[in-house]
Amino acid sequence: MLNRLDSSLGFQSQALLLRAERQRLIASNIANADTPGYQARDLDFAAALRQATGRSAVPAVAMAGTSERHLGIGRLPATREASLLYALPSQTNLDGNSVDMDRERASFADNAVKYEASLRFINGSVRTMLDAIKGQ
């Protein structure tokens, strides 16, 4: 039972952390909307979540050890920069800035709603588990 709770909350906590990181990136894009030459960044959320939870589309290859004294490497932690992408500009600007404010505002609002949904799911899961423990 605890294993199921841990996997469920672990997935949601990873999603929450990634949503917070994406919100930070979008806010940075909005803050730099008037900076000449600034290239907007975004996060491939699905790919980053697959990496964070270990459900990568590409299976990890285990390294063969030739000695029992070799350290096990296992899965290497996903780098933060691995899933960051540059946003494609919808129209060119003379100053080289690729921030599209309409797209950024929509992404910000969408991500905020999904962040709130993740928080509510975690709260509901914890509340349900506490009710089960109390026997109500």
Side-chain angles (χ1 to χ4, degrees):
M1 185 63 158
L2 286 176
N3 191 20
R4 283 183 43 192
L5 176 66
D6 184 47
S7 67
S8 174
L9 289 179
F11 179 82
Q12 290 298 328
S13 67
Q14 287 294 326
L16 197 64
L17 290 173
L18 288 171
R19 289 275 174 218
E21 178 64 18
R22 184 159 188 250
Q23 201 75 345
R24 187 191 67 75
L25 282 171
I26 295 169
S28 176
N29 290 344
I30 292 171
N32 288 297
D34 294 328
T35 304
Y38 181 80
Q39 298 295 312
R41 302 294 303 259
D42 201 358
L43 179 73
D44 183 0
F45 183 79
L49 188 60
R50 278 194 302 271
Q51 277 183 333
T53 57
R55 297 177 182 156
S56 180
V58 179
V61 177
M63 295 182 70
T66 56
S67 171
E68 65 275 354
R69 293 186 300 164
H70 286 165
L71 295 176
I73 292 181
R75 233 177 252 275
L76 297 175
T79 60
R80 200 174 80 116
E81 296 290 321
S83 53
L84 287 181
L85 306 171
Y86 288 100
L88 297 174
S90 57
Q91 63 184 16
T92 59
N93 288 338
L94 293 176
D95 64 357
N97 189 308
S98 67
V99 176
D100 179 8
M101 284 301 289
D102 292 333
R103 180 184 61 216
E104 298 300 329
R105 283 186 200 115
S107 296
F108 192 86
D110 179 61
N111 196 59
V113 167
K114 290 177 180 175
Y115 183 88
E116 180 69 26
S118 293
L119 276 177
R120 287 178 187 249
F121 184 83
I122 290 171
N123 286 338
S125 295
V126 170
R127 190 174 298 122
T128 300
M129 192 55 80
L130 285 175
D131 287 345
I133 289 171
K134 290 178 186 176
Q136 294 178 346

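All heavy atoms count here, side chains included; hydrogens, waters and symmetry mates do not.
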(message) Can you list everything that forms a side chain to side chain contact (heavy atoms under 4.5 Å, CB included) with Glu104? Sequence neighbours excluded, please.
(response)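 Residues passing side chain to side chain contact (heavy atoms under 4.5 Å, CB included) with Glu104: Ile26, Asn29, Ile30, Ala40, Val99.
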
About how many Å separate [atom2] of [Y] and [atom1] of [X], when rounded to the nearest 0.5 Å?
X	Y	atom1	atom2	result
Leu18	Ser13	CG	OG	9.5 Å
Tyr38	Asp95	OH	CG	13.5 Å
Ser118	Arg120	OG	CZ	11.5 Å
Lys134	Asp131	NZ	CG	6.5 Å
Leu9	Leu16	CG	CG	11.0 Å
Arg22	Leu25	CZ	CG	8.5 Å

[X] side chain to [Y] backbone, donor-acceptor under 3.5 Å:
X	Y	result
Ser125	Phe121	yes
Gln39	Gly96	yes
Asn97	Asn32	yes

(request) Locate the shortest heavy-atom distance separating Ser98 from Ala87; write the atom from each residue and the value. (result)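 Here Ser98 and Ala87 meet closest at OG-O, 4.1 Å.
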
(request) Could you pull out the closest heavy-atom pair between Phe45 and Ala15, with the gap in Å? (result)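 Taking Phe45 first and Ala15 second, the nearest heavy atoms are CE1-O, 3.8 Å.
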
(request) Might you confirm whether atom CG of Asp34 has over 12 heavy atoms from other residues, nucleotides or ligands at distances under 6.0 Å? (result)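 Not buried by this count: 12 neighbours or fewer within 6.0 Å.
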
Listing, residues 106-113 side-chain donor-acceptor contacts under 3.5 Å, not counting sequence neighbours, or none:
| from | atom 1 | to | atom 2 | distance (Å) |
| --- | --- | --- | --- | --- |
| Ser107 | OG | Arg103 | O | 3.0 |
| Asp110 | OD2 | Lys114 | NZ | 3.3 |
| Asn111 | OD1 | Arg19 | NH1 | 2.9 |
| Asn111 | ND2 | Arg19 | O | 2.9 |
| Asn111 | ND2 | Gln23 | OE1 | 2.6 |

(request) Show your working on side chain to side chain contact (heavy atoms under 4.5 Å, CB included) between Ile133 and Met129 and close with a plain yes or no. (result) CA-CA 6 Å; Ile133 289 171; Met129 192 55 80; 4.3 Å; yes

(request) Treat each ILVMFWY residue as a node, draw an edge where side-chain heavy atoms are under 4.5 Å apart, and state whether Leu119 and Val126 are in one component. (result)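 Same hydrophobic cluster.
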
(message) Would you say that Leu43 contacts Leu84 through its side chain, given a criterion of any heavy-atom pair below 4.5 Å between the two side chains?
(response)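 The answer is yes, as the side chains (C-beta and beyond) meet within the 4.5 Å cut-off.
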
